Amino acid sequence: MNSFFLFQGMGLFALVLLCLYRGAFGPGVLNRIAGICAIGTKTLVVLLLMGFIYNRVEMFVDISMVYAFLNFIGTITAAKYLERIGELP
Amino acid sequence: MTRATDDIIIRTVARILIPFIQLYALYVIMHGHHSPGGGFQGGVILGASFILYLLTHGLEEAKTRMSEVRATLFSSIGLLIFSGIGLFCLILGSNYLDYGKLSIILRVIPAQARSLGILGVEIGVGIGVMAVMFSIFFDISTGGTIPDDGENLGERDE
């Protein structure tokens, strides 16, 4: 069962690389924000899978919830900055 | 300057989510000595909830909840709790922040007194970090001007 979680985490990590490409080279700011936000969501799931591997899932649930909150606030902040700039570059 | 957003989705989501974030921050502070977390981390989450309120409801409305004066007051209170417990241990004849001697006052065994002492210190650190986080964001978002009189409001907008 551990190797199942491990390979699932590795697959998610490959998806993180794809999202990182979109965040780095994506055309426009909206694509970049969406890519970074998707990376945050995938990191949350990878953290939970790590918790299953180490058999301490109750500890990693705490960390991943903090990650979810801060990811949400970060996305709101980036969108707010865009709203203040007024136009999409 | 941070204005209030017009989007009802963001306002509603923030209004629903902020109490849960604050409850979770209190949980992180309270469980700091059993699980990952502690005073600083819980204080950062608690400050992030206020920052989310400021981002979604604007500076004017956030100042009614947590003004600059209150942030300074809370940071001082947090530092006072932290150093007060430490000095209390010093007065009782032990080292600074050595909570074992608190068992004389609290009438519990020294191990339990240590647990309660570190809990008190974490509460103080959490309050202080929350206020300082909010104060830093407040200062950055207003660009250094303190719009207490309402005169500078809106000038730095565009």
Side-chain angles (χ1 to χ4, degrees), chain A residues 2 5-6 9 12-13 16 23 28-89, chain B residues 1-7 9-38 40-59 62 133-134 136-137 140-143 154 156-158:
Chain A
N2 262 359
F5 291 132
L6 187 64
L12 278 172
F13 188 73
V16 164
V29 180
L30 286 181
N31 279 327
R32 287 194 170 101
I33 289 178
I36 298 300
C37 186
I39 286 178
T41 314
K42 289 188 196 340
T43 311
L44 196 148
V45 182
V46 168
L47 273 174
L48 285 177
L49 290 175
M50 278 174 64
F52 277 115
I53 289 174
Y54 288 120
N55 278 327
R56 299 195 61 183
V57 71
E58 74 278 358
M59 193 176 99
F60 281 86
V61 163
D62 290 1
I63 304 173
S64 61
M65 272 181 74
V66 176
Y67 209 88
F69 287 148
L70 294 184
N71 187 28
F72 171 67
I73 295 176
T75 311
I76 292 283
T77 311
K80 188 83 184 173
Y81 183 70
L82 266 186
E83 185 192 27
R84 200 185 129 179
I85 294 296
E87 59 186 14
L88 296 178
Chain B
M1 195 67 62
T2 309
R3 286 168 302 176
T5 177
D6 300 328
D7 195 359
I9 296 175
I10 293 178
R11 284 177 76 98
T12 310
V13 167
R15 204 186 64 219
I16 293 173
L17 201 57
I18 281 172
F20 290 105
I21 293 179
Q22 288 178 345
L23 191 66
Y24 185 70
L26 293 183
Y27 160 74
V28 168
I29 291 177
M30 284 295 168
H31 259 249
H33 41 294
H34 298 305
S35 63
F40 185 83
Q41 288 85 354
V44 166
I45 300 170
L46 202 56
S49 73
F50 281 108
I51 287 173
L52 180 61
Y53 189 83
L54 198 153
L55 279 173
T56 53
H57 288 71
L59 189 68
M133 284 286 292
F134 185 74
I136 288 172
F137 190 84
I140 289 175
S141 67
T142 55
R156 291 176 160 269
D157 233 348
E158 304 305 330

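Computed from a predicted model, the values in this text were never measured in an experiment.
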Chemist: Examine whether an atom of I10(B) lies under 4.5 Å from a heavy atom of chain A, and if so say whether it belongs to the side chain, the backbone or both; otherwise answer neither.
Modeler: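 When you check distances to chain A, only side chain atoms of I10(B) fall under 4.5 Å.
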
Chemist: Under the side chain to side chain donor-acceptor pair (under 3.5 Å) rule, collect the residues that match up with N71(A), sequence neighbours excluded.
Modeler: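 Scan of N71(A) (side chain to side chain donor-acceptor pair (under 3.5 Å), adjacent residues dropped) gives none.
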
Chemist: Between V13(B) and chain A, with a heavy-atom cut-off of 4.5 Å, which part of the residue counts as in contact: side chain, backbone, both or neither?
Modeler: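 Just the side chain, heavy atoms under 4.5 Å.
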
Chemist: Look at the aromatic rings of H57(B) and Y53(B) and report parallel, tilted or perpendicular, splitting at 30° and 60°.
Modeler: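 Plane angle under 30°, so parallel.
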
Chemist: What's the spacing between I39(A) CD1 and L12(A) CG if we round to 0.5 Å?
Modeler: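 Separation between the atoms: 12.5 Å.
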
Chemist: Mind checking what makes side chain to side chain donor-acceptor pair (under 3.5 Å) contact with Y54(A), not counting sequence neighbours?
Modeler: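 None.
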
Chemist: For chain B, which residues from residues 44-53 of chain A have at least one heavy atom closer than 4.5 Å to it?
Modeler: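 Residues of residues 44-53 of chain A touching chain B at under 4.5 Å: none.
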
Chemist: Can we call the ring centroids of Y27(B) and Y24(B) under 6.0 Å apart?
Modeler: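 Under 6.0 Å, so yes.
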
Chemist: If you compare all heavy atoms of A79(A) against all heavy atoms of I33(A), which two are closest, and at what distance to 0.1 Å?
Modeler: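 Nearest pair, atom of A79(A) first, then I33(A): N-CD1, 4.5 Å.
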
Chemist: Output all residues satisfying side chain to side chain contact (heavy atoms under 4.5 Å, CB included) with Q41(B), sequence neighbours left out; order by chain, then residue number.
Modeler: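 Result, side chain to side chain contact (heavy atoms under 4.5 Å, CB included) vs Q41(B): V28(B).
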
